[in-house]
Amino acid sequence: MGATGVSMAGAVYEGVAIDSRRIRGGELFFALAGEQTDGHRFVTSALRSGAAAAVVHRPVDAPSDAVLIQVEDTYQALHDLTRAVRRQVPERLVAITGSAGKTSTKELLARVLAKRFRVAKSPGNLNNLYGFPLALLNIPEDSEWMVAEMGMSTPGELGQISRLGKPEVVLLTNVRPAHLEFFGTLEAIAEAKAEILEGLTRGGIVVANASDPQVRRVVRRFADSGEVPSRVVWFGSPGAPETLSAWAEDLAPLTGDRPGCRFRLRLGEREIAVELPLIGRHNVDNAVAAAACASALGVPMEEIAVALGEAEPAAGRGEVHDLPGGGRLIDDSYNSNPEAAAAALSAVAALGSGRRWAVLGEMRELGPETPRFHRETGRHAAEAGFSPVIGVGELARDLVAGAKEAGAVTHWFADAAAAASFAAAELGAGDTVLIKGSRGVALEAVVERLRLAGGEA
């Protein structure tokens, strides 16, 4: 079945678009006025590409037969439509947030829930006040569950998204030193993440990481307030100061050609063996979070284990590519922060022998402790056995300095293109290379160059 049939101005449209370049046909195009550009400039382009109508809040040049819907504010109209559609589609919604692991947990949970339900998920990282409405307004109209990622960059943003989504389930993965530049402290980040609870429906479920002290603090406070009677399902590591519903034991690497982890998944008094084809302890944590949520929603343990065993990494989040001569490229280029970088370094260090490269982009939005975070990450890379360590971007100079102090061969490049050229020329047969950095560094250019150099289309 196709996308949600959106009814507006007495007509039914096949979903919604805000980018004229992504029109497939039949959509309602919202001309949003952003900081960089104004969608009103692209109304004609959207209509010529197949949009059935356009929502505008000022006069535009358009073909004489164009269907234009005039509103006071297109941004507000997009949100009004989202609220109206949400009352019907999907039947129920899971909202996921956290400093790390949002997308991977979303992908895992959607895969597990699909064993029992008709499931939609937010594509990519459509998780802000523009992306979430777009994701919801384009899901299949028969969706029983939507698994939605929700993010934030300013106080108040996540609360608005949550109130739009009205989730029946909220899942909090962790609180990490991302966005410190804007929030100042971990406590402030946790408070902003806690806003996702504002939209939780009465009697909803909160699935929370008991091993994260900041998550534990805000969820305990919410549960104790009694404002929205709800059930809390805790997951985490053994020894966490809550009664856990899900945790992992006896972790070990998968053997053979398929990298990943094997572990025993504990769900209360029951347990089952899981072979997760994703590398790193952090992905085991994501899998446990997904399992805790799915189990609370009635998915049997055996189906959870099967679904986790079929998992695939999301794009740019731990994808493993074979290189000539037995080498491997681990594409974790989508984003980075100090703890995510540490997790990726540890995961790749455990993959096997051979020379290990770390191509690490600068990590942004870390506030006044930025130099220290970068230096510690470089030191961690060297101590984990990575050499050379390559830093990309001005902030990564401190990363390179830390790696050099700890004994690694190091190189620094101003941008991804220069790093890609160097790596393509110097990478040897059998080498393993990890690519990770903040989104703005665009390290996917290094990934693409190395895959092409290896003969991979």
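- Here the CD1-CZ distance, from Ile139 to Arg118, works out to 11.5 Å after rounding to the nearest 0.5 Å.
- In this structure, Leu158 CG and Ser153 OG are separated by 10.5 Å, a value rounded to the nearest 0.5 Å.
- Between the NZ atom in Lys193 and the CE atom in Met152 there is a gap of 4.0 Å [rounded to 0.5 Å].
- Under the 3.5 Å distance criterion, with hydrogens and angles disregarded, a donor-acceptor pair is assigned to the side chains of Arg217 and Gln214.
- Residues Leu93 and Arg86 meet the side-chain proximity criterion, which asks for heavy atoms closer than 4.5 Å.
- With Glu195 contributing its side chain and Gly159 its backbone, the two residues share a donor-acceptor pair below 3.5 Å.
- Counting only distance, with no hydrogens or angles, the side chain of Ser162 and the backbone of Ile196 share a donor-acceptor pair below 3.5 Å.
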Hey, mind stepping through Glu444 and Arg439 against salt bridge (Lys or Arg N to Asp or Glu O under 4.0 Å) and telling me if it holds? CA-CA 9 Å; Glu444 62 269 20; Arg439 189 79 200 99; 3.2 Å; yes
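- Without hydrogens or angle criteria, Thr370 side chain to Gly367 main chain gives a donor-acceptor distance under 3.5 Å.
- Looking at heavy atoms from C-beta onward, Val55 lies out of side-chain contact with Leu81 at the 4.5 angstrom threshold.
- In this structure the side chain of Thr44 reaches within 4.5 angstrom of the side chain of Pro63, judged on heavy atoms.
- Among all heavy-atom pairs drawn from Val207 and Ala292, the shortest one is CG1-CB, 4.1 Å.
- Closest heavy-atom contact between Leu278 and Pro313: CD2-N, 3.4 Å.
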Could you go through Val71 and Asp80, starting from their C-alpha distance and side-chain angles, then the distance that decides it, and tell me whether this counts as side chain to side chain contact (heavy atoms under 4.5 Å, CB included)? CA-CA 11 Å; Val71 297; Asp80 290 342; over 6 Å; no
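- Remark: Arg22 CZ is loosely packed, at most 12 non-hydrogen atoms of other residues, nucleotides or ligands lying under 6.0 Å away.
- In this structure, Thr74 contributes its side chain and Ala31 its backbone to a donor-acceptor pair below 3.5 Å.
- In this structure, the side chain of Ser438 engages the main chain of Arg364 through a donor-acceptor pair within 3.5 Å.
- A heavy-atom distance below 4.5 Å is not found between the side chains of Leu427 and Leu329.
- The two atoms that bring Val147 and Ala110 nearest to each other are CG2-CA, 4.0 Å, heavy atoms only.
- When atom types are taken as modelled, the side chain of His40 and the backbone of His57 share a donor-acceptor pair closer than 3.5 angstrom.
- The shortest side-chain heavy-atom distance between Met301 and Ser295 does not fall under the 4.5 Å cut-off.
- At distances below 3.5 Å, at least one donor-acceptor pair connects side-chain atoms of Asp332 with backbone N or O atoms of Gly318.
- Here the CZ-CG distance, from Phe235 to Asn286, works out to 8.0 Å after rounding to the nearest 0.5 Å.
- Residue-environment remark: CZ (Arg58) exceeds the threshold of 12 foreign heavy atoms within 6.0 Å.
- Heavy atoms from other residues, nucleotides or ligands lying under 6.0 Å from CZ of Arg221 number more than 12.
- Two residues are said to be in side-chain contact when any heavy atoms from C-beta on lie closer than 4.5 Å; Val119 and Met146 fail this criterion.
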Please report the C-alpha distance between His282 and Ser346 in whole Å, then the side-chain angles of each, then the deciding distance to 0.1 Å, and finally whether the side chain to side chain contact (heavy atoms under 4.5 Å, CB included) criterion is met. CA-CA 10 Å; His282 58 295; Ser346 297; over 6 Å; no
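- Thr103 and Glu149 form a side-chain donor-acceptor contact under 3.5 Å, judged by distance and modelled atom types alone.
- The number of heavy atoms from other shown groups lying within 6.0 Å of CG (Asp224) is above 12.
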Using salt bridge (Lys or Arg N to Asp or Glu O under 4.0 Å), reason through Arg92 and Glu168 one step at a time and then give a plain yes or no. CA-CA 6 Å; Arg92 293 184 288 178; Glu168 283 78 12; over 6 Å; no
Audit row: Glu319, Arg451, salt bridge (Lys or Arg N to Asp or Glu O under 4.0 Å) steps and yes/no: CA-CA 12 Å; Glu319 292 180 287; Arg451 292 180 67 185; 5.8 Å; no
Check the pair Arg328, Asp322 against side chain to side chain contact (heavy atoms under 4.5 Å, CB included), reporting the backbone distance first and the verdict last. CA-CA 5 Å; Arg328 280 174 169 162; Asp322 291 333; 4.0 Å; yes
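- Of all non-hydrogen atoms in Phe29 and Ala46, the two that sit nearest each other are CG-CB, 3.6 Å.
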Run Ile330 and Leu351 through side chain to side chain contact (heavy atoms under 4.5 Å, CB included) and show every step you take. CA-CA 10 Å; Ile330 292 80; Leu351 285 182; 3.7 Å; yes
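- In this structure, Leu186 and Leu180 approach most closely via the heavy-atom pair N-CD2, 4.0 Å.
- The aromatic rings of His411 and Phe413 lie parallel to each other, with less than 30° between the two planes, well short of the 60° mark.
- With hydrogens and angles ignored, the 3.5 Å screen pairs no side-chain donor or acceptor of Glu365 with any backbone N or O of Glu181.
- Note that the CG atom of Asp212 and the CG atom of Asp285 stand 10.5 Å from one another [nearest 0.5 Å].
- Two residues are said to be in side-chain contact when any heavy atoms from C-beta on lie closer than 4.5 Å; Gln70 and Val56 meet this criterion.
- Between Glu310 atom CD and Leu108 atom CG the span is 11.5 Å, to the nearest 0.5 Å.
- Two residues are said to be in side-chain contact when any heavy atoms from C-beta on lie closer than 4.5 Å; Arg111 and Glu107 fail this criterion.
- No donor-acceptor pair closer than 3.5 Å links the side chain of Glu369 to the backbone N or O of Leu366.
- Put simply, the side chain of Asn138 never gets that close to the backbone of Gly15: no donor and acceptor are under 3.5 Å apart.
- Taking both residues in full, the closest heavy atoms of Gly98 and Thr173 are given as CA-OG1, 3.2 Å, listed atom of the first, atom of the second, then distance.
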